[in-house]
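Here is the structure we will look at.
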Protein chains: 2
Amino acid sequence: MNIADVARRSGLPAKTIRYYEEIGLIRPARSANGYRAFAGADLHKLAFLGRARSLGFSIEECRKLLALWEDRSRASADVKALAEAHLREIDAKIAELRAMRGTLAGLVSCCAGDDRPECPILTDLAGPD
Amino acid sequence: MNIADVARRSGLPAKTIRYYEEIGLIRPARSANGYRAFAGADLHKLAFLGRARSLGFSIEECRKLLALWEDRSRASADVKALAEAHLREIDAKIAELRAMRGTLAGLVSCCAGDDRPECPILTDLAGPD
DNA sequence: CTTGACCTTCCCGTGACGGGAAACCTTATG
DNA sequence: CATAAGGTTTCCCGTCACGGGAAGGTCAAG
């Protein structure tokens, strides 16, 4: 399989696949002409990576997940710990965004939104004076 | 005021303040010795920027907010539109994170988390086979 | 006069790629 | 057989919003 096939089948852009090779997540073979020659296992890994990334795991977390996946003597506790740590990161981000959202929504609801210059959003950003 | 004073009073790191000057958000005067000489207006702008950034506005959005703040003939509708657009971005991010969280929490709850290798998290990431 | 605390600019690194150039390879068509 | 079109390679720069750290100038205190 050439890179375009793998890109189509994995749903990842060719650029991303080359990047993943560069940082050592995959090691596709090479054909005589220098083209990357992807095997089924490479495709499977890329699909795995795509799904892990879509759940918000960082590249380094994906690297660990991939290692666990390939380690048949893994303990599921290690995978679960990784996932739970990521879950806590997600929760922290959601909490931060919700706090922003709350403040901003309050300001927006106070703003007339007409052609006059008075604006509680700017007044708040300008701070207490 | 030197940069350390402004950093302390605005809550922004000196590095950030220099960066904001570099990209044209502020234009502090210079003393004879080459040091930045911040006026009250500069400090006020930096505090404004710090608050806008803490609400998640991008640098370019902050630039627009700053321009609106300094434009006494602004229409509050313009500010409100900017804030509402940002609110929609925040909502989109929250929705994306909540979707991730939902999927991941489901997988985590199915994982035994013991020393056996069987792990539904990895099985799911590996895809339908 | 020296020490130490400031300040300056400059350059590299982050994360996870995307865009685009220059050059090579393959396949289809005339 | 020549050529055109499309696929592939590497390489390098740009993103966003700074942070780290080096090399060197400045200032106030002892």
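Chain A is the first sequence line, chain B the second, and so forth, proteins listed ahead of strands; every chain is numbered from 1.
Taking only side-chain atoms of P13(A), from C-beta outward, the nucleotide of dG19(D), dG18(C), dT8(C) with the closest atom is dG18(C). With distances taken from any side-chain atom of K15(B) to the nucleotides dG19(C), dA17(D), dG19(D), the minimum falls on dG19(D). Candidate nucleotides dG7(D), dT9(D), dG19(D) were compared by shortest atom distance to the side chain of T16(B), and dG19(D) ranks first. For I59(B), whose side chain is taken as the heavy atoms from C-beta onward, the closest listed nucleotide among dT9(D), dA17(D), dC7(C) is dA17(D). Residue R30(A) has its side chain nearest to dT9(D) when only dC17(C), dA17(D), dT9(D) are considered.
Using a 4.5 Å cut-off on side-chain heavy atoms (C-beta onward), L25(B) and F48(B) make no contact.
Put simply, the side chain of Y19(A) and the base of dG15(C) share no donor and acceptor less than 3.5 Å apart.
For the pair R8(A) CZ and dG7(D) C1', the interatomic distance rounds to 13 Å; values are reported in whole Å. The distance between atom CZ of R63(B) and atom C1' of dC16(D), rounded to the nearest whole Å, is 13 Å. The CZ-C1' distance, from F38(A) to dT8(D), rounds to 11 Å in whole Å. Following rounding to the nearest Å, N33(A) (CG) and dT27(C) (C1') show an atom-to-atom distance of 13 Å. Taking atom OH of residue Y35(A) and atom P of nucleotide dA23(C), one finds them 16 Å apart after rounding to whole Å. F57(B) has its CZ atom 13 Å from the P atom of dA17(D), to the nearest Å. Protein atom CD1 of I3(A) is 9 Å distant from nucleotide atom P of dT10(D), rounded to whole Å. Put simply, CD1 on I17(B) is 17 Å from C1' on dT9(C), counting in whole angstrom units.
Listed for the R74(A) side chain is a donor-acceptor partner under 3.5 Å among the backbone atoms of L68(A). Side chain of R101(A) to main chain of L87(B): no donor-acceptor pair is present (N/O by atom type, distance under 3.5 Å, no hydrogens or angles).
In terms of phosphate contacts, R36(B) brings no side-chain nitrogen or oxygen within less than 4.0 Å of OP1 or OP2 of dC7(C). Using a 4.0 Å cut-off, some side-chain N or O of R18(A) falls inside it from OP1 or OP2 of dT9(D).
The residue among R53(A) and E21(B) whose nearest nucleotide of DNA chain C lies closer to the 5′ end is E21(B).
In summary, R63(B) and E60(B) engage in a salt bridge, as defined by a charged side-chain N under 4.0 Å from a carboxylate O. Residues E21(A) and R18(A) are not paired through a salt bridge, judged by the lack of any N-O separation under 4.0 Å between the basic side chain and the carboxylate.
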